Structure formats: C-alpha cells, structure tokens
Amino acid sequence: MPRRHLHVTGAAEAPLRTALAALRTALDVPPEFPADVLAEAERAAAAPRLPAHDATGIEFFTIDPPTSTDLDQAMHLERRPGGGYRVHYAIADVAAFVTPGGALDAEAHRRVTTLYFPDEKTPLHPALLSEGAASLLPDQTRPALLWQIELDADGAITTTDVRRALVRSRAKLDYEGVQKQIDSGTAPDALALLRDIGTLREQQEVARGGISLNVPEQEIVEHDHRYDLTYRAPLPADGWNAQISLLTGIAGARLMLAYGTGILRTLPSAPDGAVARLRRSAKALHIDWPHHVPYAAVVRSLDPREPHHAAFLQECTTLLRGAGYTVFTGHAEPELAVHAAVAAPYTHCTAPLRRLVDRYAGELCLAAVAGQDPPDWVATALEGLPKEMAAGTTRANTVERECVDIVEAALLKDRVGEVFDATVVDVKEQRPAVGTVHLTDPAVVARIEGGDKPLPLGERLRVRLTQADPGTLKVLFAPA
C-alpha cells in the first residue's frame, strides 16, 4: 500500500497533546526516571562490566529506522569456506549495566517495555544507557552477547554459540538504504548476503508451515512538530532483517530446551472455529482456498495491494492473537513449546534495550552454552516474568492502538460530515452492519456502523465521517 500523509494542523496540535497526556495518565505510564535510577545509570555508563573476549575486529552493521538510537542488534554475515553461511549477531548486553536488585533493575521491572507515543518515548532504561552507553551505535566499542549461528547451504541451523564479547559496529543503516544497495548491486558482501540468507530462512519458514503477514502498517510520523498517519508497505529488506532476529530466537529456544530451563514466546494453534470463520471470509472475498491447502500457503500467495487481499490479510491477524510467555525448569518440557506463527519453539532474546524478558533469555542462553546454572537473579525472577510481560505487553499494545485512534481523531476533527472512499476490511459476525473500513487517503482504519444493510466485506464503499474527537470520541464512519 503506498504511503499517504496527512498533516496535523495547528488547531489540532493542542487537543492532540492534551489527549496523549490524558492517555499516559490513564495507563499509569511512568514519568521521568527517579533520581536514584538516573544516578545508578550514570555510574553504570561510566564503568560497565566488560567481557574479556574481544570481537571488535568483526565489521558489524545495524539496520534500523533512520531516527532510531536505541540499537539492540548488529550483524555480520559471511559464507563458510566449506559451504553454507555464518551469522554473527551482536545483542546489546544490558546486564553489563544493570545490577540485579538495584534501582535500575527495579525500574525496568516496573516499566517492562519501551512505550512509543507520537510526541515522546517512554523508555525501558534511561536514555543515557538505551541510546548511549549500551546502544550498539557506530564506531563505539560496546559489551554484547555475541551469537554465532552456522547454517548449511539451505539455511538450516547446524550449530549455535553465544558468549559475551566486546563489539564495534561500523555503520548504522536503514531499510530503504539497504534495499537500494542490494537491488543496485552496490552492497558489500556482508550486506548483500542479507538477501541470500533472508530468502533461505523464508524458505525454511515455508517448510515449517510458519507465516509472516505482509500487512501494510499504519504509522504515526512526526514532521516539523506535526504528525502524519502513513501506510508503510514492508520492503523485502524488512523481511530479511526480521528473519535474522527470528533465526536467533529459534536458535535460543533450542538451546533452552536442550538445557532444560528457559522462557519461550508461545502461541497456541488457532481453534477450529477461528479457522472456519477465516474460511468464510475467504469465500466472501473471493479468495481461492482449497480445503487441502493450509492457510499459511494461501497468505503467501496474496498481494496486499489488492483490496480483497488486504482485507483477508487483516482478517488473518485474528489467528495470531493469544501469544504469551511460557517458563519451564528441571528438564520438564512445557506442554506448549511452539509459537504457531513461527511454527517452531521460539524465544524473545534480541531486544533487551526495549523489552525486559530479553535480558533474562540472554542469560539463560549463555548458561546453556556454558553448561552452568543460570545466575541466581535469573532463576529467582523467572517464574514471575510471564505475568510481568503480559501486563507490560498489554499496556504497550494499548498505547499503540490508542495513539493511532487519537491521531486519527485529531487529523479528522474538522472534517465531520465529509465523504471518503474506503474498503471494508472486517465485518462483525453477529452484527454484519458493523465493521472496520480502511481509507487510503487519509491513512485511517476505523469503525463503521449505522447502516441498515450488511457491509460488503472486501468491497469499496463510500463512507461518511460521523464523529472524530481526540479527547472523547474515536473516529466513526457510516455508509454514505
């Protein structure tokens, strides 16, 4: 889906900021870091616990949005002399800065995840660490968890190692720049291999029965203190980069399962009723879905630029709800060990600057490779992590959803009564005159109700804006 921009006018700026402030209050979003936390962060930044192993000779690079400075991951890719590939993946070593039981640690457990608002970010750790001393910024020596994952010629994992090391990134790259370099043939070998390895890992995903939904993302973007809503169509480079992170999460889960202690990111298979509902949606949208074909194969055949296909992809997201965290100890493999979308055991271990659980997962993987017991602070906290992460993830998801609703309402508050072109992307099963519409210009996804006929799923529809108030009312449309 092409990007669409709609600027917030000066008149919308004040109610927008007021509504965002009210949202932070309603969700009990932590304010500034307490003085003792900042003081501990300053001490940690000045004297982190540094590892003995020096891997600064590896020419790492990062791939992130252009404005990002909290850089969790850096990579270096190479071919193995005997065939296959070697992935070096450096993950920021937050434990080198955070002392268990200290003020920083307690505050991270309070926050759980970094929260992203259109007007500011509420970080998991103080910016002095997350955007400074612990971030894998270019031309800076940093402590990291260094993963070395060996792949065969088909992209399958053969061996995995992880250890603490000093690393040094050489370049901060962004997705569009990476895509241009690879497409033009100007990318250096270590970057050009991202396409080769990423494509092989995508093929591995297909073979496992895994699924990555290529749904255009609705984003809030700031320009000169004004906000836009855009649709960002993921580039191939996004997918290849994501496959390196997924690869590491899969490798980490394997280490944990062999070790007998761990915390997995899990998702149960969709219940039959949800799949049956999806099949009804496919029929309504004229999507060909033979009974012998799994839904993952159908999804990979779709083009999100086609309205019917985009509507079906939106429906498919319902099968990915219900993810959680599963802890296991004492070599007792959990009853649910697989993430249904990944179609393999999987753990969150690649974003410790922005997500609490990853610091613990990294320590468990280090212990697994070393054949040692996990640190006491990890073992003590492990049982409570799923509940903490569930609460933190719920809050983060609510922030994302509510922020988009607020920005939509701020952008549209002076356009109530206008008529827009839209596509119906969801219809309530029990109330077929209520659903969701997707506008391409402006980039809005909102509720529709008020008609006396069932909504035509996947079809174009003229809709009238009936309400939009960033302070009290979300955006609502009705059939025109």
Side-chain angles (χ1 to χ4, degrees), residues 61 63 73 75-89 147-160 175 178-179 181-183 185 187-216 233-255 257 264-267 269-270 287-290 292-306 309 312-313 316-317 319-320 323 337-350:
F61 56 87
I63 306 176
Q73 313 112 5
M75 74 177 77
H76 181 268
L77 310 173
E78 60 185 82
R79 296 185 186 275
R80 294 167 57 195
Y85 305 89
R86 176 174 294 121
V87 175
H88 281 122
Y89 207 40
W147 291 76
Q148 180 174 307
I149 305 173
E150 308 282 321
L151 307 176
D152 65 19
D154 295 322
I157 300 171
T158 58
T159 62
T160 301
Y175 295 105
V178 166
Q179 192 68 57
Q181 285 192 62
I182 292 176
D183 289 346
D189 290 345
L191 178 58
L193 283 174
L194 180 65
R195 174 170 56 189
D196 298 347
I197 295 173
T199 300
L200 287 172
R201 291 302 302 175
E202 287 172 343
Q203 293 170 358
Q204 291 282 328
E205 182 178 76
V206 172
R208 295 193 310 269
I211 183 63
S212 296
L213 289 178
N214 187 23
V215 181
L235 297 167
D238 290 63
W240 302 331
N241 185 60
Q243 286 295 332
I244 302 300
S245 181
L246 281 169
L247 165 68
T248 308
I250 292 170
R254 291 185 180 184
L255 290 176
L257 288 167
L264 303 176
R265 181 63 166 165
T266 53
L267 175 68
S269 297
I287 303 292
D288 184 26
W289 186 356
H292 66 280
V293 176
Y295 97 96
V298 175
V299 167
R300 280 188 288 270
S301 71
L302 303 181
D303 182 351
R305 294 169 296 184
E306 293 288 334
H309 292 186
F312 185 69
L313 287 169
C316 288
T317 62
L319 298 191
L320 304 183
V338 171
H339 191 290
V342 180
Y346 170 67
T347 190
H348 274 163
C349 61
T350 63

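Given the structure is predicted, the values throughout are model-derived calculations rather than measurements. Along the sequence shown, the residues carry numbers beginning at 1.
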(request) Answer yes or no: is there a donor N or O on one side and an acceptor on the other, between the side chain of Ser301 and the main chain of Val298, under 3.5 Å? (result)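 Present.
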(request) Using the test ring pair (Phe, Tyr, Trp, His ring centres under 6.0 Å), find all partners of His88 that sit at least two apart in sequence or belong to another chain. (result)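 In terms of ring pair (Phe, Tyr, Trp, His ring centres under 6.0 Å), with neighbours along the sequence ignored, His88 is linked to no residue.
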(message) Holding to salt bridge (Lys or Arg N to Asp or Glu O under 4.0 Å), I want the full list of residues that pass it with Arg300, two or more places apart in sequence or in another chain.
(response)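 Listed in chain order: nothing, the list is empty.
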What pairs with [X] under side-chain contact (heavy atoms from CB on, under 4.5 Å), at least two apart in sequence or on another chain?
{"X": "Glu150", "answer": "Arg80, Arg86, Gln148, Thr158, Thr159"}
{"X": "Pro294", "answer": "Ala297"}
{"X": "Leu200", "answer": "Tyr85, Gln203"}
{"X": "Pro290", "answer": "Asp288, His292, Val293"}

Identify the two heavy atoms, one from [X] and one from [Y], that lie closest to each other, and give their separation to 0.1 Å.
{"X": "Gly210", "Y": "Ala296", "result": "O-CB, 3.8 Å"}
{"X": "Cys316", "Y": "Val299", "result": "SG-CG2, 3.6 Å"}
{"X": "Ala192", "Y": "Ala187", "result": "N-CB, 3.9 Å"}
{"X": "Ala251", "Y": "Thr160", "result": "CB-OG1, 3.6 Å"}
{"X": "Gln243", "Y": "Ser212", "result": "NE2-OG, 4.2 Å"}
{"X": "Cys349", "Y": "Gly249", "result": "SG-CA, 4.1 Å"}

Validation row: [X], [Y] side chains within 4.5 angstrom (heavy atoms):
{"X": "Asn241", "Y": "Val178", "result": "no"}
{"X": "Ile182", "Y": "Trp240", "result": "yes"}
{"X": "Pro236", "Y": "Gln179", "result": "yes"}
{"X": "Tyr346", "Y": "Leu246", "result": "yes"}

(message) If the condition is side-chain hydrogen bond (donor to acceptor under 3.5 Å, both in side chains), which residues does Thr266 pass it with, not counting sequence neighbours?
(response)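 Partners of Thr266 by the side-chain hydrogen bond (donor to acceptor under 3.5 Å, both in side chains) criterion, ordered by chain and then number, come out as Thr326.
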(request) Please name the residue in the list Leu194, Leu193, Leu191 that meets the side chain to side chain contact (heavy atoms under 4.5 Å, CB included) test with Met75. (result)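 Result for side chain to side chain contact (heavy atoms under 4.5 Å, CB included) with Met75: Leu194.
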How many angstroms lie between atom [atom1] of [X] and atom [atom2] of [Y], to the nearest 0.5 angstrom?
{"X": "Arg79", "Y": "Leu151", "atom1": "CZ", "atom2": "CG", "answer": "12.0 Å"}
{"X": "Arg254", "Y": "Thr347", "atom1": "CZ", "atom2": "OG1", "answer": "14.0 Å"}
{"X": "Arg195", "Y": "Leu77", "atom1": "CZ", "atom2": "CG", "answer": "13.0 Å"}

Pairs in or reaching into [range]: which pass salt bridge (charged side-chain N to carboxylate O under 4.0 Å, His left out), with residues at least two apart or in two chains?
{"range": "residues 151-160", "value": "none"}
{"range": "residues 340-349", "value": "none"}
{"range": "residues 197-212", "value": "none"}

(request) For the residue pair Thr350 and Thr248, confirm or rule out a side-chain donor-acceptor distance under 3.5 Å. (result)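 Note: Thr350 and Thr248 side chains miss the donor-acceptor criterion.
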